[in-house]
Amino acid sequence: MPELPEVETTLRGIAPHLQDQIVSDVVIRNANLRWPIPKDLPKLLRGRTVRSLQRRAKYLLVAFDHGTLILHLGMSGSLRILPHGTSAEKHDHFDLVLGNGELMRLRDPRRFGAVLWHEGDVAEHVLLAHLGPEPLSVEFDSKYLYDATRKRNAAIKLAIMDSQLVVGVGNIYANEALFRAGIRPQLAANKVSRPRCKRLVQAIKEVLREAIKQGGSSLRDFIHSDGSSGYFQQHYFVYGRKDEACKQCRTPIKHIKQGQRSSFYCPQCQK
DNA sequence: CGCCAGGCCTGCACGC
DNA sequence: TGCGTGCAGGCCTGGC
């Protein structure tokens, strides 16, 4: 379940292997991801050089001179670097074969992910054009969050998970950040005061930074093993801890549904 | 067997 | 009219 830290870790893992490499081939085994993988991708990329790699929200952007490969891991996707000739398994849908004897392989059992191609300025792509600021940027500060939530009557948790407001805050980190900020997930966004917006921004940055740091420490494992190794084992204060004792006050953690998603909170620590 | 998890786009209804 | 907002549905598989 890649959230932003996992995507960032993936970027750091694959970047050194792809940077300045020539694509020798593209293999599409199953084009039926969230959107179809473009059929002409092999033709488009063969013989072309990877110029740079970036992340925007949870999208990985692989830039070539003539366009950008856009990758999204959806909810079950992972990328690995493997030697040429490594046999593909059941859910290995896409390979980028490189001139250095390696290949980058996308595995995605649930196929919520995406592999797309865009010519021209990638920031103008429909999927990227309306995205809010990066959570770790200076642009995402308490003033921004306060202003952006004034007209929002919806719950604060739904607001921080809205990619038009801020990108990259998935369900787990939304829950954890709200706990750290002492805010109930169901509180209306426009009722969150300035000081609490400040705490929330700090908490979001904190949980994401910690997770990225953790990811970095197991980067080698991540790249060479099954893509789901220990880099995600942050200790959670509330996520998935229904009825368990709050780590701060021992009150049982509550579980509710918001927007068809699970929310967890401590009724004592979060108001 | 049924249900749930996850990201997030899409479509619809609503109010200003 | 058009926009922002809010909400539900859908995609898909593995694990319980």
Side-chain angles (χ1 to χ4, degrees), chain A residues 1-11 29-37 55-61 70-79 88-94 106-116 118 122 124-135 144-177 185-192 204 207-208 211 226-228 231-234 236 238-243 253 255-264:
Chain A
M1 51 183 107
E3 293 223 27
L4 185 138
E6 287 74 9
V7 180
E8 179 66 27
T9 299
T10 298
L11 172 71
R29 294 186 196 80
N30 184 351
N32 284 326
L33 301 190
R34 173 140 207 204
W35 297 281
I37 300 178
R55 177 189 60 75
R56 173 71 173 115
K58 291 173 188 168
Y59 295 96
L60 291 165
L61 309 175
I70 302 173
L71 304 168
H72 196 287
L73 301 178
M75 116 87 187
S76 59
S78 60
L79 291 171
E89 293 178 33
K90 195 176 175 189
H91 301 294
D92 294 340
H93 308 310
F94 174 85
L106 172 69
R107 174 174 296 178
D108 186 3
R110 288 172 209 182
R111 291 191 271 125
F112 281 19
V115 178
L116 300 167
H118 181 79
V122 73
E124 289 170 16
H125 189 279
V126 199
L127 295 174
L128 305 182
H130 305 291
L131 294 176
E134 288 288 327
Y144 171 84
L145 181 64
Y146 184 79
D147 292 345
T149 47
R150 286 318 87 187
K151 289 178 185 167
R152 287 183 180 248
N153 203 29
I156 185 64
K157 174 158 179 274
L158 298 179
I160 60 173
M161 290 181 71
D162 180 351
S163 64
Q164 296 210 29
L165 197 153
V166 60
V167 300
V169 183
N171 196 37
I172 293 171
Y173 295 114
N175 278 297
E176 292 299 305
Q186 60 270 59
L187 182 64
N190 57 14
K191 295 232 172 82
V192 181
I204 289 170
V207 291
L208 293 175
D226 66 0
S228 61
Y231 69 97
F232 201 44
Q233 291 171 357
Q234 244 181 338
Y236 298 138
V238 287
Y239 183 78
R241 301 194 62 243
K242 181 186 180 184
D243 295 333
I253 298 299
H255 174 249
I256 58 169
K257 286 272 181 186
Q258 293 182 284
Q260 302 150 297
R261 288 231 168 67
S262 278
S263 294
F264 302 88

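Remember, predicted model here, so these are calculated numbers, not experimental data. Residue numbers begin at 1 in each chain, while the letters A, B, ... track the order of the sequences.
Both tests hold for A:Arg150 against A:Tyr146: distance to the six-membered ring centre under 6.0 Å, angle to the ring axis within 45°.
Listed nucleotides B:dG7, B:dC9, C:dT13 differ in distance to A:Tyr59; the shortest reach to its side chain belongs to B:dC9. The nucleotide whose nearest atom lies closest to any side-chain atom of A:Arg34 is, among C:dC7, C:dC12, B:dC8, B:dC8. Listed nucleotides: B:dT10, C:dG6, C:dT13. Nearest to the side chain of A:Asn153: C:dG6.
Applying the 4.0 Å criterion to OP1 and OP2 of C:dG14, one finds that A:Lys90 has a side-chain N or O inside that range. Note on A:Arg111: a side-chain N or O is less than 4.0 Å away from OP1 or OP2 of C:dT13. Within the structure, every side-chain polar atom (N or O) of A:Lys151 is placed at least 4.0 Å from both OP1 and OP2 of C:dT5. Proximity of A:Lys257 to the phosphate of B:dC3: no side-chain N or O atom is located under 4.0 Å from OP1 or OP2. Applying the 4.0 Å criterion to OP1 and OP2 of B:dA5, one finds that A:Ser262 has a side-chain N or O inside that range. Taking only side-chain nitrogens and oxygens, A:His91 comes nearer than 4.0 Å to OP1 or OP2 of C:dG14.
The aromatic ring of A:Phe112 does not sit over the base of B:dC8; the criterion of centres under 5.5 Å apart with planes under 30° is not met.
Using a 4.0 Å cut-off between a side-chain N of Lys or Arg and a carboxylate O of Asp or Glu, A:Glu134 and A:Arg56 qualify as a salt bridge.
Aromatic ring pairs are classed by plane angle as parallel below 30°, tilted from 30° to 60° and perpendicular above 60°; the pair A:His125 and A:His118 is perpendicular.
Looking at A:Lys157 and A:Asn171, their side chains do bring a donor and an acceptor atom within 3.5 Å of each other.
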